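All values reported here derive from a predicted model rather than from experimental measurement.
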Amino acid sequence: RNEDSSEKAPDARYNYAKCPKDIAERQVLLMDPMLATGGSAIKAMEMLINQFGCKEENIMFLNVVASPEGIETFCARFPNTRVITSAIDECMNEHKYIVPGLGDFGDRYFGTN
């Protein structure tokens, strides 16, 4: 996401996308540790649908922790995709971080700050 924007929307770039040639005929698990604003998940869904031909109803979105706002935004855009999460936290703060959340997942995973 673009940390410089007030809405923390995803920017236009992505690093890499490679899927099996027959992914459009498969059930797809889209996984992201956190669902905050929903922007990155929506971008990934658009890519799966528009670039790889996946059907929305064949995609399941899984995450560890989510904000109510992110779930609402994602489900409004993709009502036929099942969302599975292990926890729904209270809200997002003014910086669009999940509260109480678990901190920056990338920092935790890679041991950085």
Any [X] side-chain heavy atom under 4.5 Å of [Y] side chain:
X     : Y     : answer
Cys75 : Thr81 : no
Leu48 : Ile23 : yes
Pro68 : Ile88 : yes
Ile49 : Phe78 : yes
Val65 : Pro33 : no

Drop me the distance from [X]'s [atom1] to [Y]'s [atom2], to the nearest 0.5 angstrom.
X     : Y     : atom1 : atom2 : result
Ile98 : Cys91 : CD1   : SG    : 10.0 Å
Ser40 : Met34 : OG    : CE    : 10.0 Å
Thr37 : Tyr97 : OG1   : OH    : 11.5 Å
Lys96 : Ser67 : NZ    : OG    : 9.5 Å
Met92 : Leu35 : CE    : CG    : 8.5 Å
Asn80 : Ile59 : CG    : CD1   : 10.5 Å

Subject >> Contact list for residues 21-30, test salt bridge (Lys or Arg N to Asp or Glu O under 4.0 Å), sequence neighbours left out >> reply: Asp22-Arg26
Original post:
Taking only residues two or more places apart in sequence or in another chain, which ones pass side-chain contact (heavy atoms from CB on, under 4.5 Å) with Ile84?
Top reply: Met60, Leu62, Arg82
Subject >> Where Phe52 and Ala24 come nearest, the two heavy atoms and their spacing >> reply: O-CB, 3.6 Å
Subject >> Residues in ring-ring contact (aromatic ring centres under 6.0 Å, His included) contact with Phe61, at least two apart in sequence or another chain >> reply: Phe74
Subject >> Results of salt bridge (Lys or Arg N to Asp or Glu O under 4.0 Å) for Glu46 - residues two or more places apart only >> reply: Arg77
Original post:
Going by the side chain to side chain donor-acceptor pair (under 3.5 Å) test, which pairs reach into residues 55-66, not counting sequence neighbours?
Top reply: Gln27-Asn58, Asn63-Thr85
**OP:** Quick one: list whatever passes side chain to side chain donor-acceptor pair (under 3.5 Å) with Asn50, sequence neighbours left out.
**Re:** none
